[in-house]
Amino acid sequence: MRRPAALAMVALAGCSGAQTPLDPWGIQAARIAELTHVLFIGGTVIFVLTMGFLAAALLAPGRVRERIGSRRFVVGGGIVFPVVTLAALLVYSLGVSRALTLPLGPAPLRVEIIGRQYWWEVRYPDLGAGAVTANQLHLPVGREIELLLTSADVIHSVWIPNLHGKMDMIPGRVNRQRLRVDRTGVLRGQCAEFCGLQHSIMAFWVVAQEPAEFDAWVARQQAPVPPPADEEQARGMQVFGEAGCGACHTVRGTEFQGRLAPDLSRVGSRLSLAAGALDNHRGTMAGWIAGAQDIKPGNAMPAYGRSLEGTDLLAVAAWLEALR
């Protein structure tokens, strides 16, 4: 009795959470979930009917089997019913697909997401300079969003199951996806197109906030980072520059203005490191800097475990953690 109950609990748990299309957080995801339920329920009913007729054809009395095998029954059940049913489902599915592309308002907030091996660059062109982050998408609740999706290298695919369906990100092309989130909380997105060695560890977090909280977050993003608060952080900032990290990373308000790697201006406030590979705190930050190729082989981040002393690694991690 325990095993079936446990399996049922696991199945039910999959219907809610931070990464499931069956727990919609917006109108587009609700339409997709409704379509899913219609198709699953319809498929189940058809399967049960088919198995019932099969059992009748094998086990029922001869009179019943003769009727099931009649020309009228075969034409009706084998041709008319499938054609009518599939045509109805097609029309319904096309209607849902069209509804997913209709605008909800006149002026959506544009958000650029650029897929890279193996991380996400996020920009807010409507909000001015400095509204840039990585591997974390902040959205205001109740406002329509237009995602501008492209890739800097290979084909990726962005998927936020609780908000919308999958959309490819193609080099040299901008695909557009409109969505709206209707409640606050944290969701998980994922790359849904195989893009290389670390495809499975290419996730990001979606933070849905009330408009006032979102505006405050934008203001922090646009402000220069605070100066080091103590000697350890000052040493960390110095080592960051000496190791050449600023050639790839940007930290706004400093001399570090690299554009090849994630913007680290407010990295201390993010929920994860390395596109969902690690939780974000000082220890994991130091571990990532020391052994990026051990944690996520094939990514573009070199490992500094042999070139930096342990105290220097911790100092860099302390400074980056303070960038909130």
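Note that these values count all heavy atoms, side chains included, but never hydrogens, waters or copies made by symmetry. Computed from a prediction, not measured in an experiment: that's the story for all the values here.
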When you compare the side chain of Arg188 with that of Trp205, does any pair of heavy atoms fall below 4.5 Å? yes

What I'd like to find out is whether the side chain of Tyr118 reaches to under 4.5 Å of the side chain of Lys296, using heavy atoms alone. yes

Do the side chains of Lys166 and Asp168 get close enough for a salt bridge, i.e. N-O under 4.0 angstrom? no

If we ignore angles and hydrogens, is there a donor and acceptor under 3.5 Å between the side chains of Tyr124 and Gln222? no

Quick one: does Trp119's side chain get under 4.5 Å of Ile114's, heavy atoms only? no

His281 and Glu321: side-chain donor and acceptor closer than 3.5 Å? no

Output, in order, the C-alpha distance, side-chain angles, deciding distance and verdict of side-chain contact (heavy atoms from CB on, under 4.5 Å) for Thr150 and Asn175. CA-CA 7 Å; Thr150 189; Asn175 288 334; over 6 Å; no

Give the cluster check for Leu148 versus Trp120: same hydrophobic cluster or not, with ILVMFWY residues linked at side-chain heavy-atom distances below 4.5 Å. no

For Ala290 and Ala303, the nearest pair of non-hydrogen atoms, with its separation, is O-CB, 3.4 Å

More than 12 heavy atoms of other residues, nucleotides or ligands under 6.0 Å from CZ of Arg259: is that the case? no

Less than 4.5 Å apart, side chain to side chain, heavy atoms only: is that true for Arg116 and Asp153? yes

In this structure, would Leu314 and Leu320 fall into the same cluster of hydrophobic residues linked by side-chain contacts under 4.5 Å? no

Is any side-chain heavy atom of Leu271 less than 4.5 Å from a side-chain heavy atom of Gln136? yes

Note, Phe204 side chain near Ile160 side chain (heavy atom, < 4.5 Å): yes

Residue pair Phe240 / Val251, side-chain heavy-atom distance below 4.5 Å: yes

Would you say the side-chain atoms of Asn280 pair up with the backbone N or O of Leu273, donor to acceptor, closer than 3.5 Å? no

Measure across Thr184 and Trp25 and return the closest heavy-atom pair with its distance rounded to 0.1 Å. O-CZ3, 3.5 Å

Between Arg143 and Arg180, is any pair of side-chain heavy atoms under 4.5 Å apart? no

Greater than 12 external heavy atoms within 6.0 Å of Asp215's CG: yes

Sidechain N-carboxylate O distance under 4.0 Å for Arg110, Glu146: no

